[in-house]
Amino acid sequence: MQHKLNLYNTLTRKKELFEPLHAPFVGMYVCGPTVYGEPHLGHARSAVTFDVLYRYLKHLGYKVRYVRNITDVGHLENDADEGEDKIQKKAKLNHLEPMEVAQYYRNIYQQEMAKLNVLSPDIEPRASGHIIEQIELIKEILANDLAYEVNGSVYFDVQAYDKAHNYGKLSGRIIEDLLNNTRTLEGQDEKRSPLDFALWKKASPTHIMRWPSPWSDGFPGWHLECSAMSRKYLGTNFDIHGGGLDLMFPHHECEIAQNQASHDHSDGARYWIHNNMITLNGQKMGKSLGNFINLSELFSGNHDLLEMKYSPMTIRFFILQAHYRSTLDFSNEALQAARKGYTKLMNGLRVLEKLKYTEEAAEPDEKLNVDLLKLSEDCFRGLNDDLNTAKTIASLFNLLKKINSLYLGQVPMASLARGTFDTIRETYQKLVLDVLGLQEEPMGDAEEILELVLNFYKEAKEAKAYDKVDIIRAELKKQGIVIKDLKSGIDWAYEE
RNA sequence: GGUAACGUGGCCGAGUGGCUAGGCUCAGCUCUGCAAAAGCUGCUACAGCGGUUCGAAUCCGCUCGUUACCUCCA
């Protein structure tokens, strides 16, 4: 087993050997989507990145508990506290119950992620289902004198916290700099400092999403849910916390502060991992910029910027061909190249299924065997080096060249030792299918292919080649399809 | 303004001191009824300038350019 996984930890700004607290168990928490809009390419990148991490950890033999939350409450439209909840805003527009909006987009998110072959997390908790836990957490922070209540709202006291702890240690921010550069925003009269953030907000009379609490009828603050839910399901000290780079500050910074300010006095996670953004013409693709492409648009090709539709596996491969900490630039050209690369890997899978090791007349070429084993190792070396899937894919292509040569007989099978052959086959199949999570997509249109067969059937009939006619009928019957010779022509139906 | 990154060949994208990244594109060859696939070969690189070093895409400095975070965002 290849047990030398190194991960870049944002907290220490270094690549570190990954060692779980309680091996073989691994706890992993990833910030999921706020469900008020359609999932886009950016969501896909985050989900795919951590999906591969999840898959690889499992491949290494760890028993992973993967928690990815659904945020269905509490994100305000802007920093002015008069701002509306995003989900509430959407609900009002469409005369829906807020939970209807959240459920609607949650369903779409899960469907699209399934298309991308992203495994479901082990627990997918919703913020709205953990109000009690969040209230308890606020009580703890209040008890530690690191929060204060004003008019039914509770705020985190960043400066008080910073005296004993280091606020900004994750994102590398210095509190004086933050203070010097804060903008003056409206509606912040209640806060003692502009850096303070809400733990609980009293709901205005028009705010529909509200829950009772010791302080007011209201709703929890923006960062609280992840602290509360990660603690509930993974404990106060767990292994990995992931999310998009844009969540590093303030979201994850505040999360750490909340964790430290609670009774637990811990950062929560030990390894903080952030995936970089997808860019469009060199600019970040984001909801607020309005330049994002939905996954459904990508899959259907229905978008002005798209020259064609791109399949889910093309997207997945596109994401994996870059390292997760680099920005990845979207373009039609890049996606079309990704499509071909993906196809190439899939063809390799098919070749491997057909390849058989032949025992007789084996005269191993020692150098070749050594080279092939090294290529197999390289595939893993990429993953171990901070989940460098780009490296791994490059190594897989190198391996694939040899596999194709074997298939064509350019390299005789007899020159391989049995163990070498088994190793390269297992490496290729395991990595492509299980770890990278790529899968074959049905190519072509089945009905059109059937149409083609029916044409041959028709020709055979006309030529009175009844042996061929019988074969076609029999083979299609195996597929559950019967041919119907009608006066009007040839048709088919499902076998009843 | 503060902070942090980045700038690699026609395109995408790895690579942190010396060893071919890889994919896509393009050209040639092998194979082939034609083609495709596959294999082989080739092509155009490390923003600029200076420094450290036997040796730098890789370390340091400066210049130019781009971006991100500092406000909801994966």
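Side-chain atoms are counted along with the backbone in the values below, which use heavy atoms only and exclude waters and symmetry mates. Nothing here was measured: the structure is a model prediction, and the numbers come from that model. Numbers restart at 1 for each chain; the letters A, B, ... are given by sequence-line order, proteins then strands.
- Side-chain N/O atoms of Asn347(A) include none lying less than 4.0 angstrom from OP1 or OP2 on A37(B).
- Picking from A68(B), G13(B), U25(B) the nucleotide with the shortest atom distance to the side chain of Lys340(A) gives U25(B).
- The same atom, P, is picked in G42(B) and in A21(B); the two are 12 Å apart, to the nearest Å.
- For the P atoms, the distance linking U25(B) with A36(B) amounts to 12 Å, nearest Å.
- Distance check on atom C1': U8(B) versus U3(B) gives 26 Å, rounded to whole Å.
- When each of C40(B), A74(B), G22(B) is scored by its nearest atom to the side-chain atoms of Ala394(A), the top-ranked nucleotide is G22(B).
- A47(B) and C43(B) have their C1' atoms separated by 22 Å, given to the nearest Å.
- Among the protein residues, Gln283(A) comes within range of the sugar-phosphate backbone only, with heavy atoms under 4.0 Å from sugar or phosphate atoms but none that close to a base.
- Between Lys402(A) and Cys31(A), the residue whose closest nucleotide on RNA chain B is further toward the 5' end is Lys402(A).
- In this structure, the side chain of Ser405(A) engages the main chain of Lys401(A) through a donor-acceptor pair within 3.5 Å.
- When heavy atoms are screened at a 4.0 angstrom cut-off, His40(A) is found touching base atoms of the nucleic acid.
- Using C1' as the reference atom, U63(B) and C29(B) are 47 Å apart when rounded to the nearest Å.
- If Ile278(A) and Gln410(A) are placed on RNA chain B by their nearest nucleotide, the residue sitting closer to the 5' end is Gln410(A).
- Among the nucleotides A74(B), G22(B), C12(B), the one closest to any side-chain atom of Asn275(A) is A74(B).
- The C1' atoms of U16(B) and A74(B) are separated by 28 Å, rounded to the nearest whole Å.
- Rounded to a whole angstrom, the distance from the C1' atom of U20(B) to that of C72(B) is 46 Å.
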